[in-house]
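Take a look at the structure set out below.
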Amino acid sequence: MAKMMFWPVEAAYKVVEGRAVVELYGKSRNGQVCVQAAGFEPYFWALEGESSDERITRIEEHTKKFLGKEVRAKKVFVKLPSDVPLVREKFRALEADIPFTRRFLIDRKITPLTCCEVEGEVAGGSYKVEVIRAAGIMPAEEEMPALRILAIDIETHTKMGKEILPENDPIIMAALYGEGLRKVLTWKHFDAKLDYLEVLNSEVELIERLGQLIEGYKPDIITGYFSDGFDLPYIKARADKYKVQLKAGLDNSPIRMKKGQTPVAEITGISHIDIFKFVKRIFRATMASFRLNEVAKELLNEEKVDVKLDNLFNAWNEQNGELEKFAEYNMQDAKLTYKLCTKLMPNIIELTKMTGLAPSDASRMSFSQLVEWYLIKEAQEFNELAPNKPEYREERARRAESYEGGYVHEPTPGLYRDVAVFDFRSLYPTVISAHNISPDTIIYGKDSEDGVLKGLSFSSSKKGFIAAVIENVIQRRLRIKELAKNSNDRMLEARQQALKTIANSIYGYYGFFGARWYNIDCAKAITAYGRHHIKQVISEAKEANLSVLYSDTDSIFIALNGKSIEEVLEFVKHVNEKLPGIMGLEYEGLYKSGIFVATKGTETGAKKKYALLGGDGRMKIRGFETVRRNLSQIAKETQEKALEMILNSLPKEEVAAYIKNAVNLLRTKKIPLDKVMIRTQISRELRSYENTPPHVAIAIRMQERGEKIGAGTTVSYIVTEGKGAIRDRARLPEEVKDGEYDAEYYITNQVIPAVERLLEVIGCTKEEITETYRQKKLESYFG
DNA sequence: GCTACTCGGGG
DNA sequence: GTGTACGAGTAGC
């Protein structure tokens with residue numbers, strides 16, 4: 001019997017002769033393998049109930065803990081994983097919805113991407129990889145060989161502005177980028193000096209070649225940018241259309257699409273990571289746009305090839321010499337995707353190891369889900385049973401619950417210079433740990449000794465399950481940060497980041513309606529302590545004569561107002577000395593200028609809506625709507641440019657003149673139609689709409705003209721002059737001639753709302769911008 | 001005000 | 001597959 005080191009990447013199972021066999025796909029020192037493990041029995045826990053169901057094979061009794069109480073629990077074993085949902089109804093069941101492969105990994109203490117020692121024999125079969133029938137799998141400690149990553153990106157033959165339809169539009173290019181692999185496949189000959197170009201005779205050949213190249217490369221990971229929603233389902237759809245057998249999976253299965261709110265593309269045995277989804281999740285709070293170009297600029301300091309994608313359709317039809325550029329564009333996208341995935345892989349690996357989920361799962365999960373899987377894994381160690389997910393009614397009730405959040409010190413709208421930003425790092429985790437806030441430590445009917453909580457408090461005599469978990473996470477993180485200090489190790493950095501992610505998400509998890517360990521009282525207590533601590537810092541800042549501009553939950557913006565940064569840092573040091581335990585205020589940075597705007601219709605400052613200008617000249621924009629697609633280009637452009645001008649302290653007349661100019665160009669019909677076009681997607685069957693918003697009215701008209709409109713079609717329209725509802729004045733771009741757009745609509749409903757709050761800050765009314773007679777005056781400003 | 005609907009990313 | 005997102009903005013009613 002042979003032994004080998006093995007690092008699982010993906011897990012699946014299949015039923016063989018009435019028994020479930022777990023299949024772990026992953027790396028060995030000799031390449032990819034599939035490790036089959038038989039003999040793990042499906043089971044669930046039960047607090048009450050009995051049944052003589054023949055699917056039950058046996059029942060054991062165990063002592064477990066459940067929400068702070070010791071309980072006797074039945075461990076109910078069944079024949080097949082699919083029996084669990086059928087049998088659990090007869091019991092007061094717990095942990096009866098943990099997927100079988102997941103249960104296997106938790107119980108056997110096998111963590112994906114972590115070394116195991118496998119003892120077993122090679123089995124036959126038709127898989128693309130060697131199959132090992134395992135007799136034993138034990139956790140081990142060896143470093144993983146590098147993961148092989150392959151990035152894929154396709155270009156389709158789609159007329160710009162039209163819906164991208166896999167049933168109509170062929171794939172005309174496909175780029176692959178990996179270690180030692182650079183390839184753009186296409187099926188038209190054109191002049192190009194690109195050594196990575198491979199020309200095939202048809203789209204079918206392109207798809208087949210794609211399959212060959214993937215198989216030859218043997219990726220552990222296939223990545224794409226929005227590949228769940230575009231590239232992989234598209235490739236699958238085209239392959240299906242031509243009845244090409246694209247056996248992408250290591251067991252020769254095709255690409256599978258899981259339909260949900262958002263689709264997920266799966267390939268058996270290969271970890272598919274849609275890096276867009278991961279980027280979006282982890283940078284949700286800090287990035288304004290998630291287009292590949294913006295993300296690549298931000299994270300890689302690289303850009304896409306600058307081409308007019310609108311021209312690809314014609315370039316393909318006419319072979320006008322532009323295709324080479326598009327091939328470069330295609331390659332560059334795959335390269336950027338590869339680099340993003342490579343760069344973020346340490347983070348995905350660490351989240352994988354923490355939660356014990358496969359990287360394809362961990363990379364797609366919301367923070368709440370990551371926390372939950374981490375807690376489920378930890379629960380096993382603590383002999384705790386996981387509570388069930390809420391039923392529909394319970395979930396509804398939870399959704400309706402609201403409570404007081406973080407403290408917000410409202411900004412006074414205006415433009416400020418020299419803004420120092422500080423924040424409480426890990427405010428809520430440190431609060432949870434310090435005050436032992438856990439569902440199993442609540443004492444009802446007793447105020448907390450510090451007077452912060454009324455009607456309940458938290459026991460200090462025993463450590464709560466989740467408080468213990470978070471404390472452990474915080475301490476591990478501190479140790480790793482200490483190690484990372486002198487090492488500049490990317491894995492250590494990623495590990496502390498993953499620990500931080502989990503720690504920071506537990507508060508939100510307590511208040512998340514879908515959570516197993518949901519506890520609104522815990523969530524309320526955490527914010528109460530958070531408010532208590534930050535208010536104290538703010539009042540001390542006032543005592544120290546510092547001008548607090550804005551504060552939201554855990555951050556504080558201070559205007560230097562001539563004070564030196566040293567004085568402010570001195571204050572922070574003083575604050576930190578007085579804060580309990582590991583709580584602390586950190587210096588985030590100094591900004592050249594910052595702008596706060598008012599809430600619509602009031603004079604009070606808007607929360608979570610501001611822009612800062614860094615010392616490097618980069619803007620940090622929060623809460624402004626600069627990137628929404630269903631806003632016309634002219635509105636987006638004007639807002640962003642105005643923000644930039646104001647932050648750079650240009651005189652108000654110049655800003656006003658800039659906006660005024662945009663308004664005038666609209667009025668004098670000099671704005672090109674593509675800048676007033678509004679694009680909106682039709683999301684379902686037209687007849688199922690109860691109301692008729694403008695884009696639906698347009699879609700109905702398009703349908704009447706014989707065009708195919710379905711869920712997913714993007715309609716573009718331009719609002720034209722006339723009376724009545726906007727939907728009656730919306731026209732298709734081709735129906736509108738230059739200058740026929742309704743300037744007043746775009747001024748009042750698009751451009752002005754986008755800049756209105758900014759105008760207030762520089763002391764300019766929207767009338768000054770829109771009134772016609774003022775036009776001359778401002779224009780004359782430039783002589 | 002409330003409800004219905006769409007946005008994101010991809011070509 | 002023993003499991004599936006979300007938070008924010010706008011127009012219409």
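Chain identifiers are assigned alphabetically (A, B, ...) following the order of the sequence lines, protein sequences preceding nucleic acid strands; residue numbering begins at 1 within each chain.
If you check dG10(B), dG11(B), dT2(C) against the side chain of P99(A), the one that comes closest is dT2(C). Ranking dG9(B), dG11(B), dC7(B) by closeness to the F230(A) side chain, first place goes to dG11(B). Listed nucleotides: dT2(C), dG11(B), dG7(C). Nearest to the side chain of L312(A): dG11(B). Each of dG11(B), dA11(C), dT4(C) was ranked by its minimum atom distance to the side chain of P694(A); first place goes to dA11(C). Looking at the side chain of T680(A), the nearest of the listed nucleotides dC7(B), dT2(C), dA11(C) is dC7(B). Nearest to the side-chain atoms of K389(A) among the listed nucleotides dG11(B), dG9(B), dT4(C) stands dT4(C). In the set dT2(C), dC6(C), dG11(B), the nucleotide with an atom closest to the side chain of E155(A) is dG11(B). Nearest nucleotide to the Y329(A) side chain, out of dT2(C), dG11(B), dG7(C): dG11(B). Considering only the side chain of R284(A), dG7(C) comes nearest among dG9(B), dT2(C), dG7(C). Of the candidates dT2(C), dC6(C), dA5(C), dT2(C) carries the atom nearest the V84(A) side chain, counting heavy atoms from C-beta on.
Summarising the geometry, the separation between CG on L86(A) and P on dT2(C) is reported as 11 Å, rounded to the nearest angstrom. In this entry the distance linking CG of L340(A) with C1' of dG9(B) reads 13 Å, nearest Å. Separating the CZ atom of R679(A) from the P atom of dG11(B) is a distance of 12 Å, rounded to the nearest angstrom. For L323(A) and dG11(B), the CG to P distance is 16 Å, given to the nearest whole Å. Straight-line distance from the CG atom of D228(A) to the C1' atom of dA5(C): 12 Å, rounded to whole Å. Taking atom CD on E89(A) and atom P on dT2(C), their separation rounds to 15 Å, with Å as the unit. Rounded to an integer number of Å, the gap from CD1 of I273(A) to C1' of dG9(B) is 17 Å. The distance between atom NE2 of H157(A) and atom C1' of dG11(B), rounded to the nearest whole Å, is 11 Å.
Phosphate proximity of dC13(C) to R727(A): present, with a side-chain N or O under 4.0 Å from OP1 or OP2. Between K280(A) and dC6(C) there is no side-chain N or O to OP1 or OP2 distance below 4.0 Å. Here K304(A) reaches the OP1 or OP2 of dG11(B): one of its side-chain N or O atoms lies under 4.0 Å away. Between Y745(A) and dA11(C) there is a side-chain N or O to OP1 or OP2 distance below 4.0 Å.
In this structure, the side chain of K90(A) does not engage the main chain of G49(A) through any donor-acceptor pair within 3.5 Å.
Rounded to whole Å, the separation between the P atoms of dT4(C) and dG11(B) comes to 31 Å. dG9(C) and dG9(B) are spaced 15 Å apart, taking the P atom of each and rounding to whole Å.
Looking at heavy-atom distances under 4.0 Å, F100(A) makes contact with a base. Contacts of D153(A) with the nucleic acid, taken as non-hydrogen atoms under 4.0 Å apart, involve only primed sugar atoms and P, OP1 or OP2. If you check every strand for non-hydrogen atoms under 4.0 Å, T156(A) touches sugar and phosphate atoms only. Note on F326(A): nothing from the nucleic acid sits closer than 4.0 angstrom, heavy atoms only. Residue F313(A) is classed as having no contact, given no heavy-atom separation below 4.0 Å to the nucleic acid. Residue contacts shown for P85(A) are limited to sugar-phosphate atoms, with no base heavy atom under 4.0 Å away. When heavy atoms are screened at a 4.0 angstrom cut-off, N311(A) is found touching no nucleic acid atom at all. At the heavy-atom level, F367(A) lies nowhere under 4.0 Å from the strands shown. Among the heavy atoms of the strands, none lies under 4.0 Å from R102(A).
Side chains of R238(A) and T156(A) form no contact here, defined as non-hydrogen atoms less than 4.5 Å apart.
In this structure, a donor-acceptor pair under 3.5 Å is present between the side chains of S253(A) and D251(A). A donor-acceptor contact closer than 3.5 angstrom links the side chains of E372(A) and Y509(A). Side chain to side chain, R731(A) and Y741(A) fail the donor-acceptor criterion of an N or O pair below 3.5 Å.
The minimum heavy-atom distance between W316(A) and K188(A), with the atom names listed, is O-NZ, 2.7 Å.
The only option from L300(A), V279(A), T337(A) that meets the side chain to side chain contact (heavy atoms under 4.5 Å, CB included) definition with V295(A) turns out to be V279(A).
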